[in-house]
Amino acid sequence: MMEQYEMYCLADPVFYDVLDERKSPDALFPVARRPVPDGWTHHPTDTWMYYAPVNEEPLPAQGWKIHVSARVDDAEKALSAVWDYCVPRGVAFKFLRGLPVLVMLGSKAASRASSGKLVTIYPRDEAQLELVLKELNELLRGVKGPYILSDLRYGDGPLFVRYGGFAERHCLSESGERVLAVEDGDGNLVPDVRNAVFSVPPWTSLPDFLQPHLDVRNAVKLDGLPYKVESVLHFSNGGGVYLAADLRTGARVVLKEARPHAGLDAAGRDAVARLGHERDMLARLAGLDACPALIDHFELGEHHFLVQEFVEATTLQRRLVHKYPLTSATCTAADLEEYTAWALETLDQVDVAVRSLHERGVVFGDLHPDNILLTDDGRIVLIDYEVATLVENGDRAALAHPAFVAPQERQGVDVDEYALACLRMALFAPQCTIMQPLHHGKVRHLGAIVTETFGADLGEAVDTIAGDATWTPPPLPADDPWPQVRDALAKAITASATPERDDRLFPGDPAQFKPGGGLGLAHGAAGVLYALVEAGCEPVHEDWLRQRATKPAPGSGLGLYDGLHGIAHVLDLLGHRQDALDVADIVLREKWEGLEASLFSGLSGIGLNLFHLGLDEPANRAVELCAGRLDVEVPEISGGTNPHAGLMNGFAGPALLFVHAYERSGDSGLLDLAETALKLDLRRCRTAEDGSLQVNQGWRLLPYLDEGSAGIAMVLERYLRHRPSSELAPELEKLRLVARSGFFVQSGLFTGRAGVLAAFGEGPRDLRWHALPYGGGLAFPGDQLLRLSMDLATGSAGVLLALATAVPETRAHLPFLESPARHEHRKEV
């Protein structure tokens, strides 16, 4: 997800935002400034510019589509050629809106499945597909671009093809998520899968004229090489990293792959250029204990490979996750002392390793925990020399982890000195240095918290990072009185408002730039206004929401947190009941019954709000539909290709609906349904080493509100009010244990400390780690910590609501999760 967030960092240094021509002169390609041709429609988004002829026979809903790939230097040439070809012939197409988007989607961290796609062209049939490919192939000679991994390449040029959807249709995936869909051979909608490998759907066939191109693709094999790949260690947009066996010696080696024109860095270099640079650096550092040995290099099918020594080791990041004591519910003073000793010793060893590079005249340039290997015998090995520089040149690396990248004025060895200081902070305050650009003095506050918590003096590292910056704290949770903290949060939220904009009122997560997202409960104006009201603050700019609520953008969500029902709920809370009913009526005219069962965007959230609005007939229909979704077998792993557990997208949401329905009707069968739903989510939970029960994603355990133990616990507690002797009762205390953890990487309501506070009322003081000043008040960063957010799900409004839930006199709560004091309920033993 990081690449998505970085793209929304281009426009503004404080908030996630879309990049447009008002903020950047190159935000639009010149072709995007051309007048829309007569008889054509144009639809711009924050990523794509769509063009299609009107008054023509509609395009098919799906089929073979063409992608044009182009490197930065060839982008404008390719776009002009496509425009001049497609417009006279009435062929629909879309293209990336500008150079910054192309660069970001081609960066090393970007999605491998979509990378390289500059243009998409929609032929009407296979005959037009063949003609367009043949004619455009001539027009685009000389244009070079990255290979689009999801597609089949046409010839040796920049054209690629893939079967997929033309129209935007949706279905439910195996994991229960609403995803883009195509129609299979039986007329059923199935997920439009977009993997980083070309495939032909089973209900169609590859056009005959493309078979020779598939044969060329399949002819590239590893046969004849002295290496056998055993497993994938890592994938990036620049290429893969593979564990392999050297067939000549039997030794294990690492193969590092580089794709031409892909994996761009800030200097515009592609992965191939950086791999060649890394080869030179490894040769210069040969024999150094801190550096893996260079063994070989070769080229295969235009891809370049570097062969390095395989070091049997664990990354510092993995070791940090395993050892960091504050995430444990049973952390003791002895645990803190033991960890501090290990961290300081490890940091000193890393320092020695980095300085050994400097003695060879090399600045590492990309120091972070994933690039540091720790062997069992105490060896420290630094990996990934793609952006290393020479000490004598005083250069800066063109690619770096955002939590460790030095300010622009620091060059040469100072780049590593800064990263070493960030590493010292990162081992005690993981990821928090990523917030440094938001307030340069914040690291002084973090240093004080670290000293208070661990007893470690990081003064020298703090000075290296902060420079001349100072820290004057805003009112802080648990340090200052609640009214001061509340008012400081409200002040920052109000100061961030942009009522002159149509797309969003308050800055938040990039998800707010989806259709209608800027209005909704999770990421839009409705959520911020809800938090303000619940916390006892005066709502601001509510007319902005009212004016837009009954005129939703096409493609807007329908659910409680992603769309119209959340907006309706907040309008009713603000006293605009008719507006709320009008918005709910819009949903009832849509195909809402086919939605997933989730609280976030589906039937359970819609059903809860329909009950709230007194629309019992459709609400009971939502209950009936959710009940029909319970007859499933779920695996023990949540997420990925499996259904998600948890409050927002798991079965805890339907369980909450069933409990509310029981409280209205007294039908005990609804409690039986709630128990069944809760068991489906608890099946995906596993007991952690500290005894807490958390949602199991296979590679990690989750304690959070959205997909974690906190959200499940809130619904289980609501259920147990009616059946306190249930066999599920012992699970609640295990779920509650996560509240004792002393650190969460993020502060937000859905995936951070605020959500755990809202669920259990514990831990407001821990929000100090992420607290930042803004607009004369108090604010918090959103997901990924790269920018501030004011929304409910990820930002300051969510923190405000969570803090308010812990204040008895406010009686604040999440929608439909009010405390017993606010809800008279039936009891059934």
May I ask you to decide if L571's main-chain N or O and D579's side chain share a donor-acceptor pair within less than 3.5 Å?
no

Gap between atom CD of E733 and atom CG of L716 - 0.5 Å precision
10.0 Å

Ignoring hydrogens and angles, tell me if any N or O in the side chain of Q62 forms a donor-acceptor pair with the backbone of E183 under 3.5 Å.
yes

Is the closest side-chain donor-acceptor distance between Q694 and S709 under 3.5 Å?
no

Backbone of V179 reached by a side-chain donor or acceptor of S173 within 3.5 Å
no

Please step through side-chain hydrogen bond (donor to acceptor under 3.5 Å, both in side chains) for the pair D667 and S665, ending with a clear verdict.
CA-CA 5 Å; D667 179 358; S665 69; 5.1 Å; no

So does E809 have more than 12 non-hydrogen atoms from other groups sitting under 6.0 Å from CD?
yes

Under a 3.5 Å threshold, yes or no: a donor from one side chain and an acceptor from the other, between E596 and S601?
yes

Side chain of H770, backbone of V745: donor and acceptor closer than 3.5 Å?
yes

Any side-chain donor paired with an acceptor under 3.5 Å for E689 and S328?
no

Side-chain touch L749/V799, heavy atoms, less than 4.5 angstrom
no

Shortest non-hydrogen contact from L560 to G605?
CB-CA, 3.8 Å

Over all atoms of both residues, closest heavy-atom pair of L615 and A584
CD1-CB, 4.2 Å

Taking it one step at a time, do D192 and R169 satisfy salt bridge (charged side-chain N to carboxylate O under 4.0 Å, His left out)?
CA-CA 9 Å; D192 187 359; R169 297 185 289 178; over 6 Å; no

Review item, side-chain donor-acceptor pairs of residues 515-525, under 3.5 Å, at least two apart:
residue: H523; atom: ND1; partner: D791; partner atom: OD2; Å: 3.1

Taking atom types as modelled and ignoring hydrogens, do the side chains of H565 and N609 form a donor-acceptor contact shorter than 3.5 angstrom?
yes

Quick check for you: to the nearest 0.5 Å, what is the distance between C537 atom SG and L532 atom CG?
5.5 Å

Examine distances only and state if a side-chain atom of D690 and a backbone atom of S692 form a donor-acceptor pair shorter than 3.5 Å.
yes

Are any side-chain N or O atoms of Q512 and backbone N or O atoms of F506, one a donor and one an acceptor, separated by less than 3.5 Å?
yes

With rounding to the nearest 0.5 Å, note down the distance linking CZ in R736 to CZ in F760.
6.5 Å

Is it true that a side-chain atom of T676 and a backbone atom of D672 form a donor plus acceptor pair closer than 3.5 Å?
yes

Sub-4.5 Å side-chain heavy-atom contact between F235 and V232:
yes

Tell me, yes or no, whether the heavy-atom count around R740 atom CZ, taken from other residues, nucleotides or ligands under 6.0 Å, exceeds 12.
no

Between T327 and S741, a side-chain donor and acceptor under 3.5 Å
no

Is the backbone N or O of L613 less than 3.5 Å from a side-chain atom of R577, with the two atoms forming a donor-acceptor pair by type?
yes

Heavy-atom donor-acceptor pair, N696 side chain to L701 backbone, under 3.5 Å
no

Give a yes or no on this: more than 12 heavy atoms of other residues, nucleotides or ligands lie within 6.0 Å of atom CD of E593.
yes

Hey, does L682 have a side-chain heavy atom less than 4.5 Å from the side chain of L693?
yes

Can R753 and E762 be counted as an ion pair, charged N to O under 4.0 angstrom?
no

Answer yes if the ring centres of F750 and Y561 are under 6.0 angstrom apart, and no otherwise.
yes

Is there a salt bridge (charged side-chain N to carboxylate O under 4.0 Å, His left out) between D681 and K679 once you walk through the steps?
CA-CA 5 Å; D681 269 6; K679 285 181 176 178; over 6 Å; no

Are Q746 and Q431 close enough that a side-chain donor and a side-chain acceptor fall under 3.5 Å?
no

Could you list the residues that satisfy salt bridge (Lys or Arg N to Asp or Glu O under 4.0 Å) with R787, not counting sequence neighbours?
none

Does any donor atom in the side chain of T47 or T45 lie under 3.5 Å from an acceptor atom in the other side chain?
no

Heavy-atom side-chain proximity of F744 to Y704 below 4.5 angstrom:
yes

Check the pair R629, E624 against salt bridge (charged side-chain N to carboxylate O under 4.0 Å, His left out), reporting the backbone distance first and the verdict last.
CA-CA 9 Å; R629 307 285 175 88; E624 178 185 345; over 6 Å; no

Assess whether a salt bridge exists between D46 and K514, defined as any Lys/Arg side-chain N lying under 4.0 Å from an Asp/Glu carboxylate O.
no

Does the pair R721 and E717 meet the rule for a salt bridge (charged side-chain N to carboxylate O under 4.0 Å, His left out), with working shown?
CA-CA 6 Å; R721 296 179 206 168; E717 188 275 335; 3.1 Å; yes

Interatomic spacing from CG in L656 to OG in S604 - rounded to 0.5 Å
7.5 Å

Would you call V190 and V182 a side-chain contact if the rule is heavy atoms closer than 4.5 Å?
yes

N/O donor-acceptor pair under 3.5 Å between R684 side chain and L680 backbone
yes

Are the aromatic ring centres of Y8 and F513 under 6.0 angstrom apart?
yes

Under a 4.5 Å cut-off applied to non-hydrogen side-chain atoms, are V623 and F611 in contact?
yes

Please examine the side chains of W769 and F780, heavy atoms only from C-beta on, and report whether any two atoms are closer than 4.5 Å.
no

With rounding to the nearest 0.5 Å, note down the distance linking CZ in R723 to CD in E675.
6.0 Å

Hey, can you tell me if F816 and H569 have their rings parallel, tilted or perpendicular (30° and 60° cut-offs)?
tilted

Nearest-0.5 Å distance that lies between atom CD1 in I606 and atom CG in L657:
10.5 Å

